[in-house]
There are 2 protein chains.
Amino acid sequence: MERNLKKRETMHRLHAMGLEIFHAKGYYNTSLDDILKELSLSKGAFYHHFKSKEDYFISIIQNLIVQKVYALLVEPLNVNENPLHAIVDSLENALEPGKSNEMAYGFMLHDFMTEFNKRNTEISSYLKDILKVWEVNLVSVLKNGKIDGHIARHIDCEGVATYIIASYLGMRSLLSENNGRQLKYQYLQQLKHYFNSITERQVVA
Amino acid sequence: MERNLKKRETMHRLHAMGLEIFHAKGYYNTSLDDILKELSLSKGAFYHHFKSKEDYFISIIQNLIVQKVYALLVEPLNVNENPLHAIVDSLENALEPGKSNEMAYGFMLHDFMTEFNKRNTEISSYLKDILKVWEVNLVSVLKNGKIDGHIARHIDCEGVATYIIASYLGMRSLLSENNGRQLKYQYLQQLKHYFNSITERQVVA
DNA sequence: ATGTTGACCGACCATCGAGTCGGTTTAAGC
DNA sequence: GCTTAAACCGACTCGATGGTCGGTCAACAT
C-alpha cells in the first residue's frame, strides 16, 4: 500500500508546484524542467504519471482550479440572504492577496483563459466551462434575489451576471500590475454603486 | 528617393501583417517565419529593418497600437458634451467587431497585456503606458462632467475610471470566446445602469 | 562608368524544450 | 528468497525558432 501512497504524494506535489509556477510564469513560459528541478524529479517520473504537458495541466485544472473557483466564488454566494451582499463579499474575499498557500490574488482562471485563448482550444474549453459554472450560479442567486425583493423586477439577471464577471476579470488584469490595495477598494466601491442602481427601491409610503 | 520609399513600404507591410497575425495567434505563438512567409520576405530582410522580434513588436506598438487606442478610446471622449454618453458611445464603437481592416473587436491592447504580463516586462510597460493614457483621459472628462453637473459630486472619478476600464477589459475576454452580439448588448445595458447610479440627480423643484 | 551602400536573400547556427527509452531501485505478491 | 512491476532516472532525439552572415542586385552619388 505504500506504493499507492508514494504515487499520490508525487502527483500531489506535481499538481501543487505546477499550478504555482504556471500561474507565476505562465504555462508556455514554464518548461517541465523548471518544475521538475524544483521538485528534484526526473523527466521519467513525470512521464510516468502524465502523458503530456497538456494532460498534466488539464489534471491540474480538474484537481485544483475547479476547487478554488467553487470555494472562492460559488459556495460563498449562498451565505447571505441578500445576493448582492453575498456577491460583494465573495469578490472582496477573492481579490484578497496572498490567501491560501501564498497564491497572490487567489484566483487565476482569467490569466490562464487569456493565455490559452487561440492557442489551445481544448484547455480553453475546460476553463470556459468553469467560468460558465460561476455564471450559472450567479444568475441563479440573482433570480432568487429578484423573487425575494432585493433586485428590481425589470433587471436582466443574465446581463448583471455578465457585467459582474466582466468587471471582475478585468479587475484581475489591472491588479496583477498595480497597487492592489487602492484598486480593490475603488472597484468594490463602484460595484456597490452599480448594485445600488439595480436594487428594488423601497416604496416609502 | 525610390530607395526610401521601398523601405517605408516594406516596414509598413511588416507592421500591418505583424499586428494582424500576432493578434490572431498571439506573439509567442507566432514565429517570424509565419509572418515572413505571408509577405514573401526573407529573414535577411527582416533583420535588416529590425534588430529583434521584440524590437519589431515595440515598433508595432508605437506605430499602430497607440494610434488605435487614441482613435477608438481617447478622441471620442470629447465628441459629446455629457462624458457618460461619450464613454458609452466610444465603448460601443470599440466593441464593434470587424471594424477597420477586418480586425475583430478592434482593440487588442488587453490581449497583449495579458500575454506579456510576467513574461516581458519591457513590452508590458509600453502597453501599460497606453492604458494609462486612456485612464488619465477618462478621469479628466469625468471630472469635467462633475463640474458641468452631469455626475454626482460625491463620486470618485478615479474609481469610476478604474471600474470602466476593468469592465471593458473583462468584456473583451468574454467576447473573444462567445456570441458577441448578445454579450455586448448586455454589457452596455448594465453599464448604463451603473452610469445612472452616479449621475447627478435633478432636483426637480 | 564605377564604386558604394541600402534592401534583400536564404542557408546555416545555436538553443531550448517536449517527449522517448533503456536502465535502476524498491515495494509488493507468492 | 525470488519475481514482477511500479516509480523513477537521465541521456538522448528531434523539431521549432530566433538570430547570423556572406552574398546578390539595383539605386544612387560622383
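Computed from a prediction, not measured in an experiment: that's the story for all the values here. Labels below follow one simple rule: chain letters A, B, ... track the order of the sequence lines, proteins then strands, and each chain is numbered from 1.
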[N] [atom2] sits how many Å from [X] [atom1], rounded?
X	N	atom1	atom2	value
L5(A)	dA7(D)	CG	C1'	14 Å
Y28(A)	dT17(D)	OH	P	12 Å
E9(B)	dC8(C)	CD	C1'	14 Å
N4(A)	dT26(C)	CG	C1'	15 Å

Axis deviation across the helix from dA1(C)-dT30(D) to dC30(C)-dG1(D), five-pair ends, to the nearest 10°: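 Comparing the axis at each end, I get an angle of 10°.
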
Could you check whether K132(A) pairs with E135(A) (Lys NZ or Arg NE/NH1/NH2 to Asp/Glu carboxylate O, under 4.0 Å)?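 The answer is yes: the pair qualifies as a salt bridge.
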
Do the side chains of E75(A) and K68(A) get close enough for a salt bridge, i.e. N-O under 4.0 angstrom? no

Check whether NZ of the Lys or CZ of the Arg K128(B) lies under 6.0 Å from the centre of the six-membered ring of F116(B) and within 45 degrees of that ring's axis.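 Negative - K128(B) is either too far from the ring of F116(B) or too far off its axis.
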
Assess K53(B) against Y27(B): is NZ or CZ under 6.0 Å from the centre of the six-membered ring, and within 45 degrees of the ring's axis?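 Yes, a cation-pi geometry holds between K53(B) and Y27(B).
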
Would you tell me whether E54(A) and N120(A) have side-chain atoms, one donor and one acceptor, within less than 3.5 Å of each other?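 Yes, a side-chain donor-acceptor pair sits under 3.5 Å.
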
Does anything in residues 51-62 of chain B come within less than 4.0 Å of DNA chain C? Heavy atoms only, and list the residues if so. none

Under 4.0 Å, heavy atom to any atom of DNA chain C: which of residues 32-44 of chain B qualify? S40(B), L41(B), S42(B), K43(B), G44(B)

Evaluate F46(A) against Y56(A) for ring-ring contact (aromatic ring centres under 6.0 Å, His included), listing each step before the verdict. CA-CA 9 Å; F46(A) 178 87; Y56(A) 172 45; 5.0 Å; yes

Please evaluate residues D34(B) and S31(B) with respect to the criterion side chain to side chain donor-acceptor pair (under 3.5 Å), reporting the C-alpha separation (whole Å), side-chain torsions for both, the decisive distance (0.1 Å), and the verdict. CA-CA 5 Å; D34(B) 290 342; S31(B) 71; 3.3 Å; yes

Between protein and nucleic acid, restricted to nucleotides 14-16 of chain C and to nitrogen or oxygen atoms under 3.5 Å apart, what atom pairs and distances do you find?
none

Side-chain donor or acceptor of K43(A) paired with backbone N/O of L32(A) under 3.5 Å: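 No; zero donor-acceptor contacts below 3.5 Å.
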
Below 3.5 Å, can you tabulate the donor-acceptor pairs from side chains in residues 191-199 of chain A to any protein atom, sequence neighbours excluded?
unit_1, atom_1, unit_2, atom_2, d
Y194(A), OH, Q190(B), OE1, 2.6
S197(A), OG, Y194(A), O, 2.6
S197(A), OG, H193(B), O, 3.2
T199(A), OG1, F195(A), O, 2.7

Once the angle between the rings of F57(A) and F112(A) is folded into 0 to 90°, is it parallel (under 30°), tilted (30 to 60°) or perpendicular (over 60°)?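 The rings of F57(A) and F112(A) stand perpendicular, inter-plane angle above 60°.
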
Look at the rings of Y163(A) and Y163(B) and say which category their plane angle falls in: under 30° parallel, 30 to 60° tilted, over 60° perpendicular. perpendicular

Is the shortest side-chain N/O distance from [X] to OP1 or OP2 of [N] below 4.0 Å?
X	N	result
H48(A)	dA7(D)	yes
H49(B)	dC8(C)	yes
K7(B)	dA7(C)	yes
T10(B)	dA7(C)	no

Of all pairs that satisfy ring-ring contact (aromatic ring centres under 6.0 Å, His included), the ones with a partner from residues 68-93 of chain A, not counting sequence neighbours: none

OH of Y28(A): more than 12 outside heavy atoms within 6.0 angstrom?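 Yes, enclosed.
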
